[in-house]
Amino acid sequence: MRKIQVVLASGAAAVLLGAVVMLAGCSSPGRKAEDASVPEYVLTYAENQAEDYPTTQGAYRFAELVKEKTGGKIEILVNAGGTLGDEKLVIEQMQFGGVDFARVSVSPLSGFVPKLNVLQMPYLYTGADHMWKVLEGEIGDDFLDSFDGSGLVALSWYDAGARSFYNPVKPIRRPEDLKGMRIRVQESEMMVRMIELLGGTAVPTPYDEVYSALQTGKIDGAENNWPSYESANHYEVAKYFTVDEHTRVPELQIVSEATWKKLTPEYQQIIRECAQESARYERKLWKERSEDSARKVQNAGCEVTTLTPQEKQQFQEAVTPIYSEFCGDYVDIIDEIVAAGRE
Ligand code: GCU
């Protein structure tokens, strides 16, 4: 019988595939020509966005590249749409190898690797170019190497644009407009504090519950990037979108350390390279989708308010204390990041 090592195949599909491959091996022993296509590892990948979303398309590209470059020895099964659980749950499962790979937002990940808060501080970057200069430079590489002790290994950065506020009731122009409003945030202490400083009440909620929370009035507003606002249909139930771009929260492709340790250095190298290549692809898709999403929601009747630099400044000043509260130990890195934006 042919031996197949199905590492941590927590998804039913992975188990099924392993079983099918084993059966095929039993029924036709010695068919050497087919051996090359039998995976040595069948691994799971969690993604909480829809199939057509840029990050999901990036995941499929990653899986394809890994399969091709390992000659079919590593098969990665992408589970999109949050089928393996919300991001926090997925990260927890990865810590013991229950899920092998994922693409997650830095926000929930900062609960496991607190230093990541640095990269999602409000009004940290002057724009997308500044953020990418940081992530693709030495600072970004140091962060990728900062996962020791987390049970996770970081592979590559994905784009998630800038996040802005939206709600069903009124345009938001000043921090005072958020007063008394219950605003959904990602599961991150820093995001909770940001809303408090702006005068609202933060309601940390998993992504897949935001639509119904808006619809039923459990929350009064939320914040996200253009593609999520559109793809998750939040625009249908919260038509006032304010382009305030309070944060840029990058995404990361990560792998469970338990899985990683089982792979040879050659496989690890291939996986790293494919993750980087898929990230370049995702960024290209991201740019296109952001423009399409913004157009689509406006055609659907959403009312967009773009803040002037002076209006933005009021938000920026209100959240200033968050820097010492969450990044007191990383002032040097913050200074370096800010300096990179001036060069
Ligand atoms: C972005 C990100 C998701 C995340 C979501 C959120 O859309 O891509 O991974 O879950 O923000 O607001 O929770």
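Both counts, for ligands and for their atoms, begin at 1 and track the order of listing. Position 1 is the first residue of the sequence; numbering continues from there. Worth saying up front: this structure is predicted, and the values here are computed from it rather than measured.
Counting protein heavy atoms only, atom 3 (C) of ligand 1 is closest to Q49 NE2, 3.5 Å. Atom 13 (O) of ligand 1 has as its closest protein heavy atom R184 NH2, 2.8 Å. The protein atom (non-hydrogen) at minimum distance from atom 8 (O) of ligand 1 is E251 OE2, 2.7 Å. Among all protein heavy atoms, the one lying closest to atom 4 (C) of ligand 1 is E87 OE1, 3.3 Å. Counting only heavy atoms of the protein, atom 5 (C) of ligand 1 lies nearest to Y207 CD1, 3.7 Å. In this structure, atom 11 (O) of ligand 1 lies nearest to the protein heavy atom R163 NH1, 3.0 Å.
T55 does not count as a contact of ligand 1, since none of its heavy atoms falls under 4.0 Å from the ligand. E223 does not count as a contact of ligand 1, since none of its heavy atoms falls under 4.0 Å from the ligand.
At least one cation-pi condition fails for R289 and W226: the charged atom is not both under 6.0 angstrom from the six-membered ring centre and inside a 45 degree cone around its axis. Figure legend: cation-pi geometry between R61 and Y281, with NZ or CZ positioned under 6.0 Å from the six-membered ring centre and within 45° of its axis.
Remark: the D100 side chain and the S256 side chain contain no N/O donor-acceptor pair separated by less than 3.5 Å. Between the side chains of Q253 and R272, no donor-acceptor pair of N or O atoms lies under 3.5 Å.
Counting non-hydrogen atoms of other residues, nucleotides and ligands closer than 6.0 Å to CD of E189 gives a total of 12 or fewer.
Classified by interplanar angle (parallel below 30°, tilted 30° to 60°, perpendicular above 60°), the ring pair Y45/F62 is tilted.
Here is the list of ligand 1 atoms found below 4.0 Å of a heavy atom in N48: 3 (C), 4 (C), 9 (O), 10 (O).
A salt bridge links K67 with E75: at least one charged nitrogen is closer than 4.0 Å to a carboxylate oxygen.
Between S228 and ligand 1, an N or O atom pair is found at a separation short of 3.5 Å.
Residue N224 touches ligand 1 through its side chain alone, judged by heavy-atom distances below 4.0 Å.
For the side chain to side chain donor-acceptor pair (under 3.5 Å) test with E223, the passing option among Q186, R184, H234, H246 is H246; the others fail.
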